[in-house]
Every structure is written in C-alpha cells, then in structure tokens.
Amino acid sequence: MIASLNMAREDYSILDPNFLSGIDETDLDRILNGSIKIPLFGERLGILRELGKVVQEYGSFSEFVSTRNALELVDIIQRKIPSFRDSEVYKGREIRFDKRAQLLVSDIGQVYPLEGLGKLTACADYILPLVLRDQGILVYSRDLARRVDSEIEIISGSEEEIEIRANTLWAVELSSRR
C-alpha cells in the first residue's frame with residue numbers, strides 16, 4: 001500500500017488533506033491498482049478520509065508533523081481518529097496498544113523525518129506472539145496453550161487476549177535492551 005501511495009504522488013494530491021478527506025472509491029482503487037481487491041477496502045477508504053480531516057485542522061501534512069515527535073503523533077492520531085484507537089480495559093485500567101497509530105506514524109516517518117521513531121513499540125498483533133512462543137520467549141499457561149493449540153478463538157478484549165498482547169510488547173521491550 002505504501003509503495004502504491006508513493007507512486008500515486010505523481011498523479012494525485014495524496015498529501016493534500018483536502019483531497020484525502022474527500023477521496024472517492026474510484027481514485028483509491030486506481031491509486032492502489034493491485035492485482036487483487038484490497039481487504040476491507042471500504043474501511044480503509046474511511047480511515048484515509050478521517051486522516052485527511054484531521055490533517056486539515058493543521059493545514060498540511062508538513063504542518064501536521066513539523067513540530068511533533070513520533071509519540072506525540074501517535075497520541076494525536078489515536079485521540080482524533082476513532083478507527084485508530086486501540087485500547088482495552090484490564091482489571092479497571094485502560095491499556096493502550098496503539099497498533100494502527102504506531103504503524104501510521106512509522107509510515108509517515110518514511111516520508112517526513114520524525115524524531116523519536118525508535119521509541120515506538122512493536123505491534124501487538126497475532127503473528128508476533130506466535131513467533132515469540134515458538135522461540136520459547138512467551139510461555140502460556142497450560143489451559144491457554146491448549147486453547148491456542150486447539151485453535152479455539154481468544155475473544156478480542158478478553159483478559160487472555162490483553163495479557164498476550166501486553167506480554168508480547170514487554171518481551172520485545174526486554175529483548176531490545178540486550
């Protein structure tokens with residue numbers, strides 16, 4: 001998707017928040033121009049429009065990122081764009097993961113120089129815990145291991161899912177300190 005967006009910069013004003021906030025299906029389909037239909041195309045279209053509207057508040061993308069570091073951008077994005085909010089309540093406390101916001105800021109950092117990109121955390125998705133478990137870095141309780149191995153769905157927002165995501169991030173953090 002990033003490669004397609006970079007190539008589209010020649011033909012479309014994709015960094016113009018006015019264009020982005022009103023981008024239509026036809027333009028996005030042409031911009032992405034893949035051999036398959038992008039999964040969740042309508043959702044992604046809505047996300048781009050939301051992002052364009054937020055950036056409009058700042059005037060331009062360069063103004064949006066000019067005086068901010070990566071962590072500030074993550075905070076703004078997750079606060080102002082509902083589809084980027086990634087937090088759960090765990091034992092009465094809000095736990096923020098900010099997966100989508102961090103991915104977006106990392107992508108923005110490929111176009112605009114941003115301070116603090118190295119302070120972004122790993123993405124707490126479903127692949128990383130699988131790899132960490134396979135490497136013996138994450139060890140599940142017997143019951144959780146049985147459920148995961150039997151491919152029994154771990155409900156999104158459940159204590160188990162939150163614990164897996166949080167421990168994944170902590171394991172990556174500890175590994176990066178070596």
Side-chain angles (χ1 to χ4, degrees), residues 1-88 94-132 153 156-157 161-162 164-166 168-169 172-173 176:
M1 186 168 155
I2 296 301
S4 294
L5 290 172
N6 278 331
M7 288 188 293
R9 291 172 72 181
E10 295 175 19
D11 300 320
Y12 295 90
S13 302
I14 62 168
L15 295 179
D16 176 353
N18 298 315
F19 171 76
L20 204 55
S21 67
I23 190 169
D24 63 34
E25 290 182 28
T26 304
D27 283 340
L28 183 57
D29 194 47
R30 284 188 193 131
I31 289 168
L32 297 178
N33 193 23
S35 58
I36 62 167
K37 186 74 170 173
I38 296 291
L40 305 170
F41 183 85
E43 181 180 299
R44 294 172 195 272
L45 177 66
I47 289 169
L48 288 174
R49 289 175 179 160
E50 285 180 323
L51 178 61
K53 288 176 184 168
V54 168
V55 175
Q56 279 178 323
E57 296 175 24
Y58 299 88
S60 68
F61 268 102
S62 55
E63 286 296 315
F64 178 60
V65 300
S66 67
T67 59
R68 290 172 181 77
N69 68 39
L71 294 178
E72 288 173 322
L73 281 178
V74 167
D75 189 54
I76 289 168
I77 290 165
Q78 71 84 28
R79 276 188 298 108
K80 293 190 172 207
I81 306 174
S83 59
F84 281 83
R85 290 188 190 123
D86 182 14
S87 65
E88 300 289 347
E94 181 185 28
I95 308 295
R96 284 182 45 188
F97 294 104
D98 299 336
K99 175 186 168 185
R100 283 184 178 175
Q102 289 192 77
L103 285 172
L104 176 59
V105 169
S106 178
D107 291 343
I108 289 171
Q110 292 182 35
V111 178
Y112 293 98
L114 289 176
E115 300 263 334
L117 282 172
K119 293 185 178 184
L120 299 177
T121 63
C123 290
D125 61 10
Y126 66 95
I127 294 295
L128 193 50
L130 180 74
V131 171
L132 293 174
E153 181 180 3
S156 178
E161 192 249 359
I162 295 168
I164 290 170
R165 292 181 79 196
T168 296
L169 295 179
V172 171
E173 175 65 22
S176 71

Can you name the closest pair of heavy atoms from [X] and [Y] and give their distance?
X	Y	answer
Gly52	Pro17	O-CB, 3.4 Å
Ala8	Ile14	CB-CG2, 4.4 Å
Phe97	Glu88	CE1-CG, 4.4 Å
Cys123	Leu103	SG-CD2, 3.4 Å
Val54	Phe64	CG1-CE1, 4.2 Å
Ile77	Ala101	CG2-CB, 3.9 Å

From CA spacing to verdict: side-chain contact (heavy atoms from CB on, under 4.5 Å), Asp86, Arg165: CA-CA 11 Å; Asp86 182 14; Arg165 292 181 79 196; 2.7 Å; yes

Over 12 non-hydrogen atoms of neighbours within 6.0 angstrom of CD in Glu25: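 Incorrect, the count does not exceed 12.
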
Just checking Glu115: does its CD atom have more than 12 heavy atoms from other residues, nucleotides or ligands closer to it than 6.0 angstrom?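 Count not over threshold, so no.
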
Please round to the nearest 0.5 Å and tell me the distance separating atom [atom1] of [X] and atom [atom2] of [Y].
X	Y	atom1	atom2	value
Leu71	Ile76	CG	CD1	11.5 Å
Leu169	Thr121	CG	OG1	5.0 Å
Leu104	Leu51	CG	CG	5.5 Å
Arg30	Asp24	CZ	CG	8.0 Å
Leu15	Tyr112	CG	OH	4.5 Å
Gln102	Gln78	CD	CD	10.5 Å

Is a side-chain donor or acceptor of Glu72 paired with a backbone partner of Asn69 at a separation under 3.5 angstrom?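 Side chain of Glu72 to backbone of Asn69, a donor-acceptor pair under 3.5 Å: yes, one is there.
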
Who passes salt bridge (charged side-chain N to carboxylate O under 4.0 Å, His left out) against Asp75, sequence neighbours left out?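 Once residues adjacent in sequence are excluded, the partners of Asp75 under the salt bridge (charged side-chain N to carboxylate O under 4.0 Å, His left out) criterion are Arg79, Arg96.
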
Are [X] and [Y] packed together at the side-chain level, in the sense that at least one heavy-atom pair is separated by less than 4.5 angstrom?
X	Y	value
Ile38	Leu28	no
Leu114	Leu73	yes
Phe84	Val74	no

Residue of the set Glu50, Arg49, Lys53 for which side-chain contact (heavy atoms from CB on, under 4.5 Å) holds with Ser21: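 Going through Glu50, Arg49, Lys53 one by one, the side-chain contact (heavy atoms from CB on, under 4.5 Å) with Ser21 is satisfied by Lys53 alone.
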
Sort out for me which residue in Ile164, Val172, Ile127 forms a side-chain contact (heavy atoms from CB on, under 4.5 Å) with Leu132.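 Only one option passes, and that is Val172.
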
Go through the steps to decide whether Val65 and Ile108 satisfy the test side-chain contact (heavy atoms from CB on, under 4.5 Å), and finish with yes or no. CA-CA 9 Å; Val65 300; Ile108 289 171; 3.7 Å; yes

List the steps and the verdict of side-chain contact (heavy atoms from CB on, under 4.5 Å) for Asp98 and Val105. CA-CA 10 Å; Asp98 299 336; Val105 169; over 6 Å; no

Kindly assign one of parallel, tilted or perpendicular to the pair Phe19 and Tyr12, based on the angle between their ring planes and the thresholds 30° and 60°.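 Ring orientation, 0 to 90° scale: tilted.
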
Under 3.5 Å, is there a donor-acceptor pair linking the side chains of Ser83 and Glu43?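 No donor-acceptor contact under 3.5 Å links the two side chains.
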
